[in-house]
Amino acid sequence: MTSTENLRDQVAAQLTRARDRSRLLTDAVDDHDLVRQHSKLMSPLVWDLAHIGNQEELWLVRDVGGREPVRADIDELYDAFKHARSARPELPLLGPAEARKYVGEVRDKVFDVLERTPLEGHRLVDRGFAFGMIVQHEQQHDETMLATHQLRVGDPVLDAPRPPRGGPVGPAEVLVPGGPFTMGTSTEAWALDNERPAHQVVTEPFFIDTTPVTNGAYAAFIADGGYRDPRWWSEAGWAHVRKASLVAPRFWERVGDQWYRTAFGRTEPIEPDQPVVHVCYHEAEAYAKWAGKRLPTEVEWEKAARFDPATGRSRRYPWGDEDPTEAHANLNQRHLTPAPVGAYPAGASALGVHQLIGDVWEWTSSDFHGYTGFEVFPYAEYSQVFFGPDYKVLRGGSFGSDQAAVRSTFRNWDYPIRRQIFAGFRCARDASRDDLT
Ligand code: AVJ
Ligand code: FE
C-alpha cells in the first residue's frame, strides 16, 4: 500500500471480493431457504444480507460520505441489538429481491464515496479504516452465513475442492520461552479497537501443541468415557454437558463403530487427521484436562503465533509479515472443511507451531477484556459492550474466515456453550523447572 490510489483500488477490490462471497452464499439457496430460520441461533440469511447493506449505509454512505440515507426507515430492523436472532424471522424484513436491490444501491453509492474521499488524514478514514471495518463486517457475516448453511437441512448446495493433504509437523509440542513479547498492534491499518494498542506482556515458559487437536485424538477422549466422567469438566461444563446431553461434537453421529460427521449436507466418516470442529469451550477444556494439559491463555496463543526468538520481534503472521497465500493457511472458504494437520508447512510459526491461522477458531481460556490502553473506536457496540466474564476469546480464524478479517492479533469471542461456530482448540501446559535445563 504505497500510494493512496493504490489503496483506493485495494479497498474497491476487497469490497467486491466480500460482495462476491455474500452473493455466492445467498444465491446458492432458493427464496424459501433465504427467509426461513435454520436454527434459533442464527438469523435468516436474508437478514444478514440486508444488515450488511445497512451497516455499510450507516458508516460509509451517511457517516463518511455525508450523504442522504438510502433507506432510513429500516435501520431499526437491522440493528443487531434491537432484535435477538431468534426473533428476526418475525420482523417485516426486506424480501430477497428487495434486499438484493438495497445492498446494490448502497454499494453503488459507496463506490462513489470511495472515489471522492481522501483516505489519509481524518482518523476514521485514515488508511481507509472505515472501509476496512465494513469489508471485515461483511466477511464476518459471510462466515456467520456459512455457519447457517452448515445448520441448514437439505440437499448440498455449496461445493469446494478438498483441502491439501497433511504432512509431518515435527514434535507434538514446543517450548515457548518465558519473558516479554509484544501483544496487540498499534500499526496494523485495519486492526479493530480490541486489538489495540501494542503492549508488552511477560509470560512464563510454556509448552503448546504444534497442531490443533484432531478428530482422531478427540474420538479417543469420547471412547475413554470423557463425556461421562465429571473429573474432566468444570462445574459449569459438567452442568452443561448433562443438561444439553452432549456426547460428541456437533454434527457427529455414530453408526456401528464409526463416527460420521455431516458438513454442508454431506455425511462422511470423520477424517482422523483433521482438526476437530464444532466443539464448545467446555468440551475443549474437558479434553485438555483429560489429556493432562490445559487450554492456552489468549496471551500464550498470540506469543506462540507471533514471537520470533531470533529477533525478539512479534510478526504480523506466524510465518512472517507477508499477507496469507494459499500455501500458508486454510482461509477464505476456499475449502469447506479444516485441512489435515501438517497441510501448511509454510504457515508454521518461528517456533514451529502449525495451523494457528485458518482451519478452526481456537478456544482460549481467557475472558474477553480490553487491553491496557484500550480506547473505543469507532463505536462501543463493536466490542466494548461484550467485555466481561460471559465470553471466551477465540483466535486464529477458520476455513470460513476471510483473510481480510483475520490476523494474528484478531480477537473473536463467544459464549462458552456455543458449537455452531467453526471452533476447535489446541492444548498447552506449564513448563516445569526440569524442562528448562
Ligand atoms: C466478532 C464474530 C463476535 O458476529 O457477533 C458482526 C462480529 N459484529 N456484526 C459477531 C460482528 C457486528 C461479531 N463477532
Ligand atoms: Fe453485524
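Remember, it's 1-based here, ligands and their atoms both numbered in the order they're listed. Every heavy atom of this structure was used, including side-chain atoms; hydrogens, water molecules and symmetry mates were not. Source: prediction; values computed, not measured.
Looking only at atom types and distance, the side chain of S186 has no donor-acceptor partner in the side chain of R196 under 3.5 Å away.
Heavy-atom contacts of Q140 reach the following atoms of ligand 1: 6 (C), 7 (C), 11 (C) (cutoff under 4.0 Å).
Among protein heavy atoms, the minimum distance from atom 14 (N) of ligand 1 is reached at N412 OD1, 3.6 Å. Ranking the protein heavy atoms by distance from atom 10 (C) of ligand 1 puts R85 NH2, 4.9 Å first.
When ring centroids are compared, H335 and F399 stay outside the 6.0 Å threshold. For Y344 and H354, the gap between ring centers reaches or exceeds 6.0 Å.
Within the 4.0 Å heavy-atom criterion, the part of H141 lying near ligand 1 is the side chain and not the backbone. Only the side chain of Y382 comes within 4.0 Å of ligand 1, judged by heavy-atom distances. The proximity of Q55 to ligand 1, defined as any non-hydrogen pair under 4.0 Å, does not occur for either the backbone or the side chain.
Geometrically, ligand 1 and H137 share a nitrogen or oxygen pair separated by less than 3.5 Å.
For the pair R315 (side chain) and P318 (backbone), a donor-acceptor distance under 3.5 Å is present.
Geometry at the Fe ion (ligand 2): NE2/H141 and NE2/H137 form an angle of 90°, nearest 10 degrees.
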Exercise. Does the ring-ring contact (aromatic ring centres under 6.0 Å, His included) test come out yes or no for F425 and W363, once each step is laid out?
Worked result: CA-CA 5 Å; F425 62 102; W363 289 107; 9.4 Å; no

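Distance check, rounded to the nearest 0.5 Å: CD of Q420 to NE2 of H38 gives 14.0 Å.
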